[in-house]
Amino acid sequence: MESRVGLPCPQCHSTDGMLMLSMSTEIPYFGEHTQISLVCDSCGWRHTDFIPAEGRKPGAWSLVLDSKDKMSCRVVRSSSCTIRLVELDLEVTPGSASSGFISNIEGVIKRFEDAIGTLLRHSQAEEDVESTDSAIVLINRLAKVKLGEQTIEMVLFDPKGRSQIIHDEAIHRDMTDEEIGALQMGVDIPIHEIID
């Protein structure tokens with residue numbers, strides 16, 4: 001379904017309206033979901049999220065990454081989800097540009113590698129030896145995780161309950177009020193009116 005929504009763009013504040021695209025699909029082992037994407041024609045800003053058909057409550061999913069085989073397991077990450085690689089002290093929190101995605105564990109690790117690669121290039125350009133060395137160590141450790149040579153735990157924290165690690169060994173638990181209060185929520189765009 002494609003519709004115009006009467007909201008200003010959160011990026012460029014254009015009031016021409018944004019395009020909303022929605023598509024319902026069945027995600028294996030996770031159930032029916034609606035993918036909603038908002039796109040601004042003026043500046044190209046885009047926001048995507050996944051909303052489960054069944055109501056969800058805040059929750060955390062964790063999986064110990066201890067083998068190369070686990071790199072192919074699926075991850076559904078909503079725009080409100082924080083991803084943490086515990087032993088590496090790495091975390092991605094939702095922000096104003098946060099979007100949901102469906103990937104596998106290797107794809108999530110690749111996103112971390114890309115972000116660290118950007119920091120590495122910056123620290124090299126600034127001749128910051130300490131930051132350069134730290135970034136190289138993290139990239140090497142992530143490469144070992146992908147090969148199953150280093151064990152770490154991946155945790156998804158989602159205060160809206162829309163994210164999941166799809167694997168038999170993945171553990172789900174409820175989140176405490178304190179955990180929920182400490183998390184960033186990302187962009188929550190209310191859709192009040194659909195304009196034809």
Side-chain angles (χ1 to χ4, degrees), residues 21-39 46-54 56-95 97-121 135-175 179 183-187:
L21 308 167
S22 65
M23 176 181 73
S24 291
T25 185
E26 182 76 21
I27 300 173
Y29 310 107
F30 197 51
E32 187 177 339
H33 267 66
T34 300
Q35 177 181 336
I36 296 177
S37 295
L38 295 173
V39 181
R46 180 180 191 93
H47 176 77
T48 300
D49 207 351
F50 295 90
I51 301 171
E54 299 174 6
R56 304 278 179 171
K57 63 180 183 175
W61 285 88
S62 62
L63 180 65
V64 174
L65 308 180
D66 56 3
S67 72
K68 187 176 179 179
D69 294 339
K70 289 184 179 171
M71 294 301 108
S72 62
C73 80
R74 303 301 280 168
V75 174
V76 178
R77 189 249 187 189
S78 79
S79 64
S80 60
C81 179
T82 295
I83 302 175
R84 189 174 295 156
L85 302 180
V86 178
E87 290 76 9
L88 300 181
D89 199 27
L90 294 174
E91 181 174 279
V92 172
T93 58
S98 182
S99 283
F101 60 80
I102 299 174
S103 185
N104 57 22
I105 295 285
E106 185 173 9
V108 174
I109 291 174
K110 174 80 169 96
R111 289 170 185 260
F112 276 95
E113 289 174 325
D114 291 346
I116 295 167
T118 299
L119 295 172
L120 174 61
R121 288 186 296 281
I136 290 170
V137 166
L138 285 172
I139 288 172
N140 289 336
R141 290 181 74 184
L142 287 170
K144 288 181 179 182
V145 170
K146 290 193 302 187
L147 294 171
E149 297 173 1
Q150 180 170 355
T151 299
I152 64 169
E153 181 182 23
M154 177 180 286
V155 184
L156 308 182
F157 296 96
D158 193 339
K160 295 183 182 176
R162 298 176 181 167
S163 301
Q164 183 176 357
I165 300 173
I166 304 169
H167 190 276
D168 291 341
E169 295 176 27
I171 297 170
H172 178 263
R173 68 172 176 80
D174 293 339
M175 291 173 54
E179 286 176 318
L183 291 174
Q184 295 180 30
M185 295 287 207
V187 175

Distance from Ile102 atom CD1 to Ser78 atom OG, nearest 0.5 Å? 11.0 Å
If every non-hydrogen atom of Lys70 is compared with every non-hydrogen atom of Asp66, which pair is closest and at what distance? NZ-OD1, 2.8 Å
What are the two closest non-hydrogen atoms of Val39 and Arg46, and how far apart are they? CG2-NH1, 3.3 Å
Can you see which heavy atom on Ser80 is nearest to which on Pro159, and at what distance? O-CD, 3.2 Å
Chi angles and distances behind the side-chain contact (heavy atoms from CB on, under 4.5 Å) call for Val92, Arg77: CA-CA 11 Å; Val92 172; Arg77 189 249 187 189; 4.1 Å; yes
Please list, one pair per line, the donor and acceptor atoms closer than 3.5 Å that link side chains of residues 139-153 to other protein atoms, with sequence neighbours excluded.
unit_1 : atom_1 : unit_2 : atom_2 : d
Asn140 : ND2    : Ile136 : O      : 3.3
Lys146 : NZ     : Glu113 : OE1    : 3.0
Lys146 : NZ     : Glu113 : OE2    : 3.2

Atom OG in Ser103, atom NZ in Lys110: separation rounded to 0.5 Å? 11.0 Å
If you measure from CG on Leu120 to CG on Leu138, what distance do you get to the nearest 0.5 Å? 10.5 Å
Between OG of Ser62 and NE2 of His167, what distance do you get to the nearest 0.5 Å? 12.5 Å
Worked check of side-chain contact (heavy atoms from CB on, under 4.5 Å) between Glu91 and Thr82: CA-CA 7 Å; Glu91 181 174 279; Thr82 295; 3.5 Å; yes
Over 12 non-hydrogen atoms of neighbours within 6.0 angstrom of CG in Asp89: no
Are side-chain heavy atoms of Thr48 and Gln35 found at a separation under 4.5 Å? yes
Check: Met71 and Leu65 side chains under 4.5 Å, non-hydrogen atoms: yes
Are the side chains of Leu63 and Val75 in touch, meaning some heavy atoms are under 4.5 Å apart? no
Could you give the distance from CD1 (Ile105) to CZ (Arg74), rounded to the nearest 0.5 Å? 10.5 Å
Calculate, to the nearest 0.5 Å, the distance between atoms CG and CE belonging to Leu88 and Met154 respectively. 10.0 Å
Side chain of Trp61, backbone of Ala170: donor and acceptor closer than 3.5 Å? no
